[in-house]
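Just so it is clear, the structure is predicted and the values come from calculations on it, not from any experiment. Letters go in sequence order (proteins before strands), and every chain restarts at 1.
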Protein chains: 2
Amino acid sequence: MRVDARLNRERILAAAEEVFGELGAQASTEEVARRAGVGVATVFRHFPTKTDLVEATLVRHFDDLVTHARMLAAAPAPGPALGDLVTAMVERGATKVTLANLLGAADQVPSGAADAARRLRDAVDAVLRRAQDAGVARPDVSVDELYFLVRGLTQAAAAMPVPTAVSRGAVRVVLDGLAAHR
Amino acid sequence: MRVDARLNRERILAAAEEVFGELGAQASTEEVARRAGVGVATVFRHFPTKTDLVEATLVRHFDDLVTHARMLAAAPAPGPALGDLVTAMVERGATKVTLANLLGAADQVPSGAADAARRLRDAVDAVLRRAQDAGVARPDVSVDELYFLVRGLTQAAAAMPVPTAVSRGAVRVVLDGLAAHR
DNA sequence: AGATAAGCGAAGTGGCGACTTCGGATCCTA
DNA sequence: TAGGATCCGAAGTCGCCACTTCGCTTATCT
């Protein structure tokens, strides 16, 4: 692969992240191309279909979070680690979710995204289990439920631009609900 | 207004609710017309713009919930009433939210929907305050936060068709977080 | 029952956005 | 540094979907 091609690919992904984050996932491919400073054809050469582009952006986001989660799985205090993870997912996931919506709308389930989602689920699972084993998270909550909650918070945050205080408060409520019974 | 016109209007609204609920808000107007058993022109005569149609469907949903909330505001037990309300909003709101997303995407904020949203907010507020006054809900939570939480749960439920057990579990976590500290 | 106005749907129209084509520019190799 | 392969973007094509037009149908009123 030529260096200019690789550079363009990077530029496109970065632009896609920006554009989809701001305009939502229904933003046109041309807007992404414009923002990346390339022609549409170049975008389509790298990502044959719009879904492919969205998927690639999604996988990127997911993998960032996976890295973060794996780090937290080794953190000294399991309780705060769980809290950190939830907060991070909510605050950094705004774009991710609108993208996921678009993918969900299409009938096809792109395998790449599904894999990334599974990786993330597993990483989150590890953090949750550790908190439960340490007795600081209620044991009757499954990853699926946690994941569901996080996704919900993220989506709400993405959909309505709301004062940070409100979303923080909402996260606090969820974390309290997650904590072991006092 | 002629009776057939009014009947068609009803049919269209019902179809819109169905279609948008199933296909998401990006479903075409023609699909709504087909499902309603009328021509597209009829749909556009009643709702000059697609946004108008979406808005009308939204307002309907909101007002249903407002009715429910007002009922619960007079229920004997304030704590369970709050729980009921949250559950109802999450379970019956699946379509509502995807619609709200579409509206949010457009730059315009249709005043009708905004009004309905405000009414709902107020009704929810009443239920929450009563639970707080009764000492069964933590006093440091605002309607905005509750609203945010509910919206999140609803959206998550709408986006990923997940076993009911999971969404129930998630709601339970939120309700526990909402409960007064034990 | 007949007039009339309101309502209806089949058949358009226009624009937007996903995707393609092709002649020219750019990078790497020998 | 010359040649060939790779990559690029301007200018399309094509289909879909929001919205309109217009001749016909149907309710309502007298």
Side chain to side chain contact (heavy atoms under 4.5 Å, CB included) involving [X] - partner list, sequence neighbours excluded:
X	answer
V40(B)	E30(B), A33(B), F44(B)
T87(B)	E91(B), V171(B)
V136(A)	A131(A), A134(A)
D63(A)	V59(A), V66(A), A116(A), R119(A)

By side chain to side chain donor-acceptor pair (under 3.5 Å), D140(B) pairs with (sequence neighbours left out) R172(A)
- Task: For the pair D115(A) and R118(A), find out whether any cationic side-chain nitrogen is under 4.0 Å from an anionic carboxylate oxygen.
- Result: yes
Would you call R60(A)-E10(A) a salt bridge at under 4.0 Å N-O? yes
Note to self: Let me spell it out: for each of P48(A) and A5(B), pick the nucleotide of DNA chain C with the closest heavy atom. Which residue's pick is nearer the 5' end?
What the structure shows: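 Closest to the 5' end, via its nearest nucleotide, is A5(B).
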Whole angstrom value for the distance that separates [atom2] of [N] from [atom1] of [X]:
X	N	atom1	atom2	value
N8(A)	dA25(C)	CG	P	17 Å
R9(B)	dA6(C)	CZ	C1'	16 Å
L7(A)	dC27(C)	CG	P	11 Å
H46(A)	dC19(C)	NE2	P	16 Å
R45(A)	dA10(D)	CZ	C1'	12 Å
R6(A)	dT6(D)	CZ	C1'	14 Å
F47(B)	dG7(C)	CZ	P	14 Å

Between the protein and nucleotides 16-18 of chain C, which nitrogen or oxygen pairs are less than 3.5 angstrom apart?
| unit_1 | atom_1 | unit_2 | atom_2 | d |
| --- | --- | --- | --- | --- |
| dA18(C) | OP1 | K50(A) | NZ | 2.9 |
| dA18(C) | OP2 | T29(A) | N | 3.0 |
| dA18(C) | OP2 | T29(A) | OG1 | 3.3 |

- prompt: Please, which pairs that meet salt bridge (Lys or Arg N to Asp or Glu O under 4.0 Å) have at least one residue in residues 34-44 of chain A, sequence neighbours excluded?
  reply: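 For residues 34-44 of chain A, and leaving out neighbouring residues, the salt bridge (Lys or Arg N to Asp or Glu O under 4.0 Å) pairs sorted by first residue read E18(A)-R35(A), E22(A)-R35(A), E31(A)-R34(A), E31(A)-R35(A).
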Notebook entry, point to check: Reckon A41(A) touches a base, only the sugar-phosphate, or nothing at all at heavy-atom distances under 4.0 Å?
Noted result: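 Base contact - A41(A) has a heavy atom under 4.0 Å of at least one base atom.
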So side chain to side chain donor-acceptor pair (under 3.5 Å) across residues 65-74 of chain A, not counting sequence neighbours, yields none
In B/S/- notation (B base, S sugar-phosphate only, - none; protein heavy atoms under 4.0 Å), nucleotides 25-30 of chain D written 5' to 3' is -BSS--
